[in-house]
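Naming convention: chains lettered A, B, ... in sequence-line order (proteins, then strands); numbering from 1 in each chain. Values reported hereafter were calculated over all heavy atoms of this structure, with side chains retained and with hydrogens, waters and symmetry mates removed.
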Amino acid sequence: MKLLSLNRINRNYQYLLSVLIIGIVSTACYASSLIIGYRVVAYILLITVSLIAMVFDILPVLLAAILSALIWDFFFIPPHFTFQVSSAEDTILLFMYLVIAMVNAVLTYKIRRMEKEAILKEEKENTVKLYNTLLNSLSHELRTPIATIIAATDNLQAGNTRLTAQDKYELVAEIAKASFRLNQQVENLLNMSRLESGFIQPKNDWTDINEVVYDTVKRIEENKVTQKISININPEMPLFKIDKGMLEQVLYNVLNNACLYTPANTRVDIMAMSHADVMKIVIEDNGKGFPQDELKNVFDKFYRLRNTRTGGTGLGLSIVKGFTEAMGGRVQLENKQAGGARFVIEIPAETSYLKNLKNE
Amino acid sequence: MNKAGILIIDDEAQIQKLLAITLQSNDYAVSHATTAKEGLVMAASHPPDMIILDLGLPDENGHNVLQQLREWYTNPIIILSVQSNEEDIIKALDNGANDYLVKPFRTGELLARIRAALKKSNANDVSPVITNGNLQADLAQRIVKKNGEIVKLTATEYTLFALFVKNEGKVLTHHYLLREVWGPGFINQSQYLRVFIAQLRKKIEDDANHPEYIVTESGVGYRFLSKE
């Protein structure tokens, strides 16, 4: 992939580079012409052209092939410094050199083009697969709450006299729960499409990390979670100039994930600290952690752990990664030795210690 | 007392209907318009006590409607906006909207905003002594008490606090607070605001980490709530 992108960027320099490489190799061969014979030089030049063919476009490669043949003829085949070739054997050799070098160039180019096509095809297939995963996951995630709302309202509208007040209360509660779930999913999708658009720009402003953490934890606790969340923030924490909304979303998604997928009464710890203009937030739990072989996939879009309970679109943690990286930071996930997962979010940002000055 | 009349300008039939039911059952008289043009005509012919304006209207940008209304209409205007569009909200507040609600909103929130905005327009001069929960403020003597004991506030903290008290229930944007307390040259110095809000909370809140008086309106500003 790296070679391919090199190829794309430097297309105009490829001619120059081809000439340069052939020039350098020829000079090196010429300098050692006392040790190696001119026929060995032909092999060395041929290898050079083959190597160029692996990286460059067809035209620069053909240029390299012809140039190297001319150089070989002019400098190496006796008589030197003339394009004349004295023996018939050398004439055949020169001709064969040209043919092999050019055929080599054309064949390598064709193979590479086929490879490129194969990659494109594979990418396309992957996109279709991703799209299907999205549709499956979405239709399930959206339909479940929609079905709940429709069924509950049907019940309420049917005027069934056997519905007790308690039943009615519960039906309305289900409608409310389903609506919040829908809202949450739509928010995830909007965030995902914000990220996918590639235009996401953090709106940085001075942010009190303490406030962000407490507010986010409060929002999580409003979902009536059974986990015990404890907060530990370094009191010397400066203000950071970061996108507060994005940071809130990152913390919310990590905490929400922890609360959805760890057993009841699991302890969740959130710690915030700073060192050298880097804000660091660690969120860990003492649940079961992630399967070791799936750790690296957790942040992938639509990725859901095998054997996991239904619900969730596999978007939450990919948004965590996307937003953190959009803010110029990084997020890491590991399993703790004692069991449980540990997320480490680090974001470099401008700091202000105004907070610690005794003002006025 | 006559029922307060509220004009709803929103093109979504479902939102219209829900707002109408909610407001009528809370003793407000409701009228509605579904386009900007209709809304402007209705507001001009029978000026309501309050307007609820959706920013996304079919025929005209809600911001334009707001500006046109503000040329002559002085009663409160509450803006309805779609989710997480903070710039839109700030722009509307700067253009004279009194408050905002983000769809989807909770009924309780809606009613609280309406009450706060109407109360504000009724009582223009605030009485100098204000009691709110365990807080007592005497704006004439510049004294603030918590649980009957005097809270020592610095001059800046007091200015900020008094501004909040006078605008109870109303959202105050970062720029507004910075301009009012520190001056126009400071509207981008939000770190001052963060620091002083944190300090003020430590002095007046029971738990500064779970504020009940000065609540954060994410990306927009702060709101001083009444604790009853």
Ion pair B/K91/B/E87, N-O distance below 4.0 Å: no

Part of A/F180 lying under 4.5 Å from any heavy atom of chain B: side chain

Check: A/N204 side chain, A/D243 main-chain N or O, donor-acceptor pair, under 3.5 Å: yes

Candidate pair B/K103 and B/E12, rule salt bridge (Lys or Arg N to Asp or Glu O under 4.0 Å), full reasoning: CA-CA 12 Å; B/K103 291 177 190 172; B/E12 300 281 346; 5.6 Å; no

Contacting region of A/S179 [heavy-atom separation from chain B under 4.5 Å]: neither

Among A/E211, A/K218, A/K244, residue most engaged with chain B (heavy-atom pairs, under 4.5 Å): A/E211

Parallel, tilted or perpendicular: rings of B/F224 and B/Y213 (30°, 60°): parallel

Chain B contact via A/K241 - which portion, at a heavy-atom distance below 4.5 Å: neither

